[in-house]
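The structure under discussion appears below in the form of structure tokens.
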There are 2 protein chains.
Amino acid sequence: MKRETRIPNATIERISLYSRPLEELLNKGIRVVSSEKLAELCKVNPAQVRKDLSYFGEFGVRGIGYAVKNLLSEIRKIIVSDREWKLAIVGLGNLGMALVRHDNFLKRGYRFVAAFDSSPRKIGEMIRSDLVVQPPSKIHLVISELGVEIGVISTPPSQSQAVADMLIEARIRAILNFSPIQVRHSGPCLVQNVDFTVRLDNLAYHLGQEG
Amino acid sequence: MKRETRIPNATIERISLYSRPLEELLNKGIRVVSSEKLAELCKVNPAQVRKDLSYFGEFGVRGIGYAVKNLLSEIRKIIVSDREWKLAIVGLGNLGMALVRHDNFLKRGYRFVAAFDSSPRKIGEMIRSDLVVQPPSKIHLVISELGVEIGVISTPPSQSQAVADMLIEARIRAILNFSPIQVRHSGPCLVQNVDFTVRLDNLAYHLGQEG
DNA sequence: GCCTGTGAATCCATTCACAGCT
DNA sequence: AGCTGTGAATGGATTCACAGGC
């Protein structure tokens, strides 16, 4: 172990990736997995798997492999997904609604506790038994009252910067941004961008190379 | 220029990123942009911008900067988004429907020309004036008849591998996978994965570090 | 014999710093 | 004077290869 060393960003991305097949193996009743098998399931190099895990501890047994259940629980401790995180969503168009209804979030401990939209038609709508759409003017109040930690932006791009500013103003700790523009953020707020079209552009580029 | 050199993967990701603010600058009527300004808008290093672009040609003018309109059109040629790509979507739950309706795709030249779902309730539904839901058994036929190039998977994870196999069987050239499992793919089919929860895990990890 | 954990070696990407053009 | 284009230098990440323990 070498917990002192700075942990590569790429390692953190992959750690979360490893947990997906581990869940499957656990469901299938498979008890032990080797770095080679896990690497194959995640399409990475076996040495990569071992090195990534070694940043956080010695979770394996030499000659045997990793205990699936134990490894999964260690990973959940590392990426702090052994507890619930509170999310707020802003922008309840097609994508926003789909995100709120998507059960993958809750399954991994991400719970939407507030929802905002500027459209008068949407405000007041009950989109889940415990989730009523509120106007953006309530963002500051609601975020601090409920202790929301992560804000999800799924507004049209023209509004996303203004929304980000409101979230930051309300002292939100992190933002997941689905709009195709980079959000400016000063200070301690973390931002992750998810832009589908960047992924498609990537595919298009490589297809174009093949001819 | 050094078109012979292998182009870093990271460069290709960023090239597509650069086009977003360029579109905005063009709309605002701004004619010229420096690497410094563009870098600021994309949150990268100015030298990075220059180097990335230099892999593909000499688009700038020393002492002046880059002509916005020209640079944008060059970038569109590089990532082959100066033409239309044909997409098929499989899985029309909340997320799938949101993707089909999301106008960002069409705006950038990605057009859904076919839609599949296994639910009898969905089959036959007209989700757009030119798009009727078909059963997965039609995948092979439709893909080859329409010449679909990219498949989008938004099924539940339990079905995603089977769907991927069908798409690959139908000789699709690339897959954009929204389900949280890595799709196995042999042969020449390209795959890109989009897993929202990996992004959230990343935020959670860093928030956990801060205490 | 088998599989982990890890220093050392390699590979790739970013940034610097300045020559070259307008 | 100003800003691009790019070799050279630095910094990170991946992979190798083998020692260490079951």
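Heavy atoms only: backbone and side chains are in, while hydrogens, waters and symmetry mates are out. A, B, ... follow the sequence lines: proteins, then strands. Residue 1 opens every chain.
Computed from coordinates, the B/Ile64 CD1 to D/dG5 P distance equals 12 Å when rounded to whole Å. Spacing between atom CD of B/Glu13 and atom C1' of C/dT14 amounts to 16 Å, rounded to whole angstrom units. The interatomic distance linking A/Leu53 (CG) with C/dG5 (P) rounds to 7 Å, in whole Å. B/Leu71 has its CG atom 14 Å from the C1' atom of D/dG5, to the nearest Å. Spacing between atom CG of A/Asn70 and atom P of C/dT4 amounts to 14 Å, rounded to whole angstrom units.
Within residues 35-43 of chain B, the residues that have a heavy atom under 4.0 Å from DNA chain D are, in order of number, B/Ser35.
For the pair A/Gly60 and A/Gly63, nearest-nucleotide mapping onto DNA chain C gives the more 5' position to A/Gly63. Along DNA chain D, the nucleotide nearest A/Arg62 and the nucleotide nearest B/Ser34 are compared for position; the residue whose nucleotide lies closer to the 5' end is B/Ser34.
B/Ser179 pairs by the side chain to side chain contact (heavy atoms under 4.5 Å, CB included) definition with B/Ser160, B/Asn177, B/Ile181, not counting sequence neighbours.
For B/Trp85 (side chain) and B/Val80 (main-chain N/O), a donor-acceptor pair under 3.5 Å exists by modelled atom type.
Using a 4.0 Å cut-off between charged nitrogen and carboxylate oxygen, B/Asp195 and A/Arg20 count as a salt-bridge pair. Salt bridge A/Arg171/A/Glu145: absent, no basic N to carboxylate O contact under 4.0 Å. A salt bridge links B/Glu84 and B/Arg111; the closest N-O separation between the charged side-chain nitrogens and carboxylate oxygens is under 4.0 Å. The pair A/Arg199-B/Glu13 meets the salt-bridge criterion, since a charged nitrogen lies less than 4.0 angstrom from a carboxylate oxygen. One finds no salt bridge joining A/Glu58 and A/Arg50 here, because no Lys/Arg side-chain nitrogen approaches an Asp/Glu carboxylate oxygen to under 4.0 Å. Checked for salt-bridge contact, A/Lys77 and A/Asp82 miss the test: no charged N lies under 4.0 Å from a carboxylate O.
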- [ ] Sugar-phosphate atoms are those with a prime plus P, OP1 and OP2; base atoms are the rest. Using that split, label each nucleotide of nucleotides 11-18 of chain D B, S or - for protein heavy atoms under 4.0 Å, 5' to 3'.
- [x] --SSBBB-
